[in-house]
Amino acid sequence: MVVLENRFSEEVIGGVDQAFISGEDGREMVVSGAVAFDSSFRPLSRSWALLETTFPYLPGLLSFREGPAAVEAVKRLEAKPTLLFVDGCGINHPRRAGMASAIGVALDLPTVGVTKRVLCGSFDPPRREGEASPLHHRGLVVGHVLLSKKECRPIVVAPGHRITPESALDLARRYLRGEKLPLPSLAAHRDANDEKRRILMGEASISSGSTIFHPKK
């Protein structure tokens, strides 16, 4: 069901990321933060979801463990993304179906997967900031390994759904803005961890929520 053609716009750019909370009772919770920006990268809305894990940790099957919270957080965004950056693999996955692809298909959204390590495939290490190398797996280019910032390890950028490998790389580069991660990914990462801190400090109730921003014209 994954589509590797460009069927997206940059009208509303979103990001989603997850953090984990381990309770004293042995339960593990996933808090997912989702953010949405307009084409000028002004914030439109943010949301979060907190769900208990129902699937064990198994390499290659993280979409079953973290995906439900991510899907719920994105659904709660008041501004529906027309392009979504996901903390997870896309087609750069042994089954060609990482979390970015799973979320993209489940929500019918164009998705770009961004990860910090190579799950499968081979590549020539990029050596200069901004340089990217194709990631090959079973005879196909399934993404790119991008040296996004000096003195940092490369990141992996791959199509999830409704985007090509080349466009996924171009978009990741466009939104780096001097950071290691594309800004939608970085904002979602910070939001998920901020919400986790608020929950642990008792500053937030154990429920999901959303906030709407109204940017100045």
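- One distance of note links CD of E129 with SG of C152; it measures 9.0 Å at 0.5 Å rounding.
- Look at E72 and K75 and you find no salt bridge, because none of the NZ, NE, NH1 or NH2 atoms lies under 4.0 Å from a carboxylate O.
- R190 has no carboxylate O lying under 4.0 Å from a charged side-chain N of D194, or vice versa, which leaves the two without a salt bridge.
- The CD1 atom of I163 lies 5.5 Å from the CG atom of L83; values are rounded to the nearest 0.5 Å.
- Taking hydrophobic clusters as Ile, Leu, Val, Met, Phe, Trp and Tyr residues chained together by side-chain heavy-atom distances below 4.5 Å, V145 does not share a cluster with L119.
- Checked by atom type, the side-chain pair S167/N6 shows a donor-acceptor distance below 3.5 Å.
- In this structure, CD on E195 lies 9.0 Å from CD1 on I21, to the nearest 0.5 angstrom.
- You'll find the side chain of R46 stays beyond 4.5 Å of the side chain of L44, heavy atoms only.
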Could you please spell out the steps behind the side-chain contact (heavy atoms from CB on, under 4.5 Å) verdict for V16 and L84? CA-CA 7 Å; V16 64; L84 180 69; 4.3 Å; yes
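- There is no path of hydrophobic side-chain contacts, each under 4.5 Å, that joins V156 to L183.
- Closest of all the heavy-atom pairs between L176 and P182 is CD2-N, 3.7 Å.
- Although no hydrogens or angles enter the test, the distance criterion places no donor-acceptor pair under 3.5 Å between the side chain of H144 and the main chain of S133.
- Residue R117 places its CZ atom among 12 or fewer non-hydrogen atoms of other residues, nucleotides or ligands, all under 6.0 Å distant.
- Summarising the local packing, CZ of R153 is surrounded by 12 or fewer heavy atoms from other residues, nucleotides or ligands at distances under 6.0 Å.
- Between S101 and I91, the shortest heavy-atom distance links the atoms OG-N, 3.6 Å.
- In this structure a side-chain-to-backbone donor-acceptor pair under 3.5 Å is missing from R162 to G104.
- Taking 4.5 Å as the limit, some side-chain heavy atom of Y175 sits within range of a side-chain heavy atom of E10.
- Between the side chains of E11 and S39, no donor N or O sits under 3.5 Å from an acceptor N or O.
- Connection of I103 to L61 is not established within any shared hydrophobic cluster, with ILVMFWY side chains joined at heavy-atom distances below 4.5 Å, either directly or through further cluster members.
- Closest approach of I155 and K180 over heavy atoms only: CD1-O, 3.6 Å.
- With sequence neighbours excluded, the residues that form a salt bridge (charged side-chain N to carboxylate O under 4.0 Å, His left out) with R7 are E5.
- Here the side chain of T82 pairs a donor or acceptor atom with the backbone of S9 at under 3.5 angstrom.
- Side-chain contact between R96 and H137 is present, with heavy atoms from C-beta onward closer than 4.5 Å.
- Contact of the F85 side chain with the L171 side chain is registered, since non-hydrogen atoms from C-beta on lie closer than 4.5 Å.
- A donor-acceptor pair under 3.5 Å is formed between the side chain of R173 and the backbone N or O of G130.
- V71 places a side-chain heavy atom less than 4.5 Å from the side chain of L107.
- Nearest heavy-atom pair across H136 and V141 is CE1-CG2, 3.6 Å.
- With hydrogens and angles ignored, the 3.5 Å screen pairs a side-chain donor or acceptor of K196 with a backbone N or O of F20.
- Put simply, the side chain of L50 does not reach to within 4.5 Å of the side chain of V30, judged on heavy atoms.
- Without hydrogens or angle criteria, H93 side chain to G60 main chain gives a donor-acceptor distance under 3.5 Å.
- Under a hydrophobic clustering in which Ile, Leu, Val, Met, Phe, Trp and Tyr are joined whenever their side-chain heavy atoms come within less than 4.5 Å, directly or via other members, L169 and F123 fall into different clusters.
- How far CG of L109 is from NE2 of H161: 8.0 Å, rounded to the nearest 0.5 Å.
- At a threshold of 4.5 Å between side-chain heavy atoms, the hydrophobic network of Ile, Leu, Val, Met, Phe, Trp and Tyr places L186 and F37 in one connected group.
- Atoms CG and CZ, from L200 and R197 in turn, are 9.5 Å apart once rounded to the nearest 0.5 Å.
- One distance of note links CZ of R27 with OG of S22; it measures 11.5 Å at 0.5 Å rounding.
- Looking only at distances, a side-chain donor or acceptor of T111 sits under 3.5 Å from a matching main-chain atom of A100.
- R76 and W48 get closest at one heavy-atom pair: CD-O, 3.7 Å.
- Heavy atoms only, all atoms of each residue included: A158 and G90 are closest at CB-N, 4.4 Å.
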Please step through side-chain contact (heavy atoms from CB on, under 4.5 Å) for the pair V12 and D38, ending with a clear verdict. CA-CA 5 Å; V12 179; D38 67 12; over 6 Å; no
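- Within the 3.5 Å criterion, the main-chain N or O of C89 finds no donor-acceptor partner in the side chain of T115.
- Checked by atom type, the side-chain pair E66/Y57 shows no donor-acceptor distance below 3.5 Å.
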